[in-house]
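Single-structure report; data block below.
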Amino acid sequence: MTKAYVECNVLEIKEYSLVYRYKGYATFMMKSHESIKDDFTVIENLVGKIDSYEIGEENKYRVILKNNQEVDIKFNNYNQFTLFSLDVD
């Protein structure tokens with residue numbers, strides 16, 4: 001929880017922050033936004049331009065990038081911040 005508090009303060013100066021990385025996926029933190037569209041605007045900085053997205057299971061989206069790659073992104077929303085996890089190579 002202390003790391004989350006520190007990360008929230010860091011988010012005052014940047015859009016997102018890496019929280020955790022483990023075999024095949026990474027979890028990032030960003031400020032809470034009013035809409036999912038705003039969340040995806042931040043995520044585009046990590047994954048590239050987004051062509052479309054669709055909701056899969058609860059809080060999990062399948063994102064199609066402009067280069068035709070697919071990325072699964074899972075969201076966990078809290079009052080001050082949002083955690084999102086995605087597959088990484």
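Position 1 is the first residue of the sequence; numbering continues from there.
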| Does the side chain of Val19 come within less than 4.5 Å of Phe81's, by heavy atoms? | no
| Less than 4.5 Å apart, any side-chain heavy atom of Leu46 and any of Phe28? | yes
| note | Heavy-atom closest pair (Tyr20 atom, Leu18 atom, distance to 0.1 Å) is O-CD1, 3.6 Å
Could you pull out every donor-acceptor pair under 3.5 Å between side chains of residues 64-78 and any protein atom, sequence neighbours left out?
residue	atom	partner	partner atom	Å
Asn67	OD1	Gln69	N	3.1
Glu70	OE1	Arg62	NH1	2.9
Asp72	OD1	Arg62	NE	3.0
Asp72	OD1	Arg62	NH2	3.1
Asp72	OD2	Arg62	NH2	3.0
Asn77	OD1	Thr82	OG1	3.0

| task | Could you grab the distance from atom CG of Asp39 to atom NZ of Lys31, nearest 0.5 Å is fine? | result | 13.0 Å
| said: Can you tell me how far apart OG (Ser17) and CG (Leu83) are? Round to the nearest 0.5 Å. | reply: 10.5 Å
| message | What's the separation between atom CG in Asn59 and atom CD1 in Ile36, rounded to the nearest 0.5 Å? | response | 8.5 Å
| note | What one should report as the nearest heavy-atom pair of Met30 and His33 is SD-CE1, 3.9 Å
| task | Can you tell me which residue pairs pass the side-chain hydrogen bond (donor to acceptor under 3.5 Å, both in side chains) test with a partner in residues 42-56, sequence neighbours excluded? | result | Glu15-Asn45
| request: Any chance you could measure Tyr22, atom OH, to Thr27, atom OG1, to the nearest 0.5 Å? | output: 12.5 Å
| Output field: ring centroids Phe40/Tyr61 closer than 6.0 Å | yes
